[in-house]
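Worksheet for the structure shown next.
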Amino acid sequence: MKKLLVGEVITPFRVFKPGGVLVDEGHILAVDHVDALKREAAQILDFGDAYILPGFVDIHVHGGGGNDTMDATPEAICNVARTHARGGTTTLFPTTLTAPMKDIKHALLAVQEVSKRNPREFEGARIPGAHVEGPYFNPEQAGAQNPEYLKVPDINEFMDLIESVKIVRRVSLAPELPGALELIKVLNDNGIIVSIGHSNARYEEVLKAVEVGATHVTHIFSGMSSLRRIKSYRIPGVLESALLLDSLTVEIIADGHHLPPSLIRLVLKCKSLGSVCGVTDAMSAAGMGRGEYTLGGLKVIVENDVVEEYEVKPRGCVAKLENREAFAGSVAFMNEMLHYLVESVGLSISDAAQLLSFNPAKIMKIDHMVGVLASGRLADIVVLDENFDVVATFVGSEEIFGTV
Ligand SMILES: [Zn+2]
């Protein structure tokens, strides 16, 4: 049955007000002004002045609703996908943590199992693949990755893993480790997105990684080297390289805690709008509230406190390691990040929506399916009220979450 969703439609490249999105059998048939589409619809869902946007695409997310990807069961992965659908996410890449290889494999097998299911069955975001974050990281930039399990790359071991699970679409690693450049090349040859993360690399080392196929940078400003001085000489790190090099796309954790508005504006001043995406990097406490949790065996506190010197007072909470010296991921939903990008950073709704839908889809090479409201794309849609709270989330033209 052809359904017409009516509201302020933001594709995100064009705005129709009042606009309509005509959907049928899981796909978008047309996007236009309401009057042009009314006749064709068998059912009209009128959302009034609400915003109708492409569903959010989260390419770096560990958990939510009390579960983590590393719980390694299909039920846990479904719960994460269902929890984030409450925040308007319609596609997500479950992300593993630094852990023993066998634990990473178990988690990936669970992701693979869920990726074969119809997301309507578990009423959650669709899962086209997994993101492997670690264990090939630099101990000096470990952040909240458990240092006990950090390793140097082992191509045979890792490619065995990738071939046995066939679900890995993205890998974050530190390119300065021995063997990393060879691994980047092999991953790139296999169509897997390689992202520089938890790295102490110098500019020259980043360039070598780019030459063999690294294209993305994991949570810019977190877990990366920046300018160092060696005997009066300035040596740029991953941060400056990421801002400088057009061939690298970057991701920002726009939960209000990880990056103040000024630093997000700096990223957008250096990078083109199309080469930046927002990710939650959310851990299991997303959607749960304050308290104590664990992350990869480390104790974590979820709270709203910020230091006095910080630029803004964010609305939501964040996860920190017990000593409060490092963040341990966000607990944000994508719609909360949209709110922050618009209200605190000052972006237009269209630009903020692009950072959370089209750009991440493009970075993961799935923009031919999701991330934009256009004819032929999957009917993955989020409807938001004027406060950016989620009114409804649609996956494959079915409402999987709704508040009315
Ligand atoms: Zn992460």
Side-chain angles (χ1 to χ4, degrees), residues 56-65 67-72 76-77 80-81 83-84 87 89 91-99 103-104 107-108 111 125 127 129-139 141-151 168-174 192-199 214 216-224 238-239 242 249-255 257-259 276-287 293-298 300 302 317-321 325-334 337 356 360 363-364:
F56 302 125
V57 177
D58 194 352
I59 68 172
H60 185 163
V61 49
H62 296 274
N67 277 123
D68 189 283
T69 304
M70 298 307 291
D71 291 342
I77 307 296
V80 174
T83 301
H84 282 277
T89 299
T91 297
L92 60 78
F93 289 81
T95 302
T96 58
L97 279 171
T98 296
D103 295 356
I104 295 174
L108 293 173
V111 174
I127 296 178
H131 168 204
V132 174
E133 192 184 18
Y136 305 138
F137 287 151
N138 194 316
Q141 297 289 350
Q145 301 279 329
N146 194 330
E148 215 179 303
Y149 304 115
L150 294 176
K151 300 168 68 161
V168 177
R169 299 287 175 270
R170 168 180 175 192
V171 173
S172 291
L173 53 74
I192 294 167
I193 309 295
V194 178
S195 186
I196 300 170
H198 295 275
S199 161
H216 189 61
V217 174
T218 304
H219 45 48
I220 191 166
F221 284 103
S222 299
M224 60 178 55
V238 175
L239 172 60
T249 53
V250 304
E251 64 188 29
I252 53 174
I253 305 173
D255 67 337
H257 290 271
H258 280 75
L259 296 172
V276 181
C277 77
V279 297
T280 63
D281 195 8
M283 46 84 71
S284 62
Y293 299 85
T294 57
L295 180 76
L298 305 173
V300 159
V302 171
C317 292
V318 68
K320 297 172 185 166
L321 293 182
E325 294 294 327
F327 291 130
S330 89
V331 293
F333 283 153
M334 291 292 255
M337 301 207 323
L356 303 176
I363 287 165
M364 295 305 295

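Since this is a predicted model, take the numbers as computed values, not measurements. One-based numbering, in listed order, for ligands and for the atoms of each.
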Does F333 reach the side chain of T280, with side-chain heavy atoms less than 4.5 Å apart?
no
Close side-chain approach of E133 to H219, heavy-atom, < 4.5 Å:
yes
Could you tell me which N, O or S atom of [X] is nearest to the Zn ion (ligand 1)?
X	answer
E133	OE1
H60	NE2
D281	OD1

Taking the inter-plane angle between the rings of H257 and F327 on a 0 to 90° scale, is it parallel (under 30°), tilted (30 to 60°) or perpendicular (over 60°)?
perpendicular
Any N/O/S atom, side chain or main chain, of H219 closer to the Zn ion (ligand 1) than 2.8 Å?
no
Residues T69 and H62: side-chain donor-acceptor under 3.5 angstrom:
no
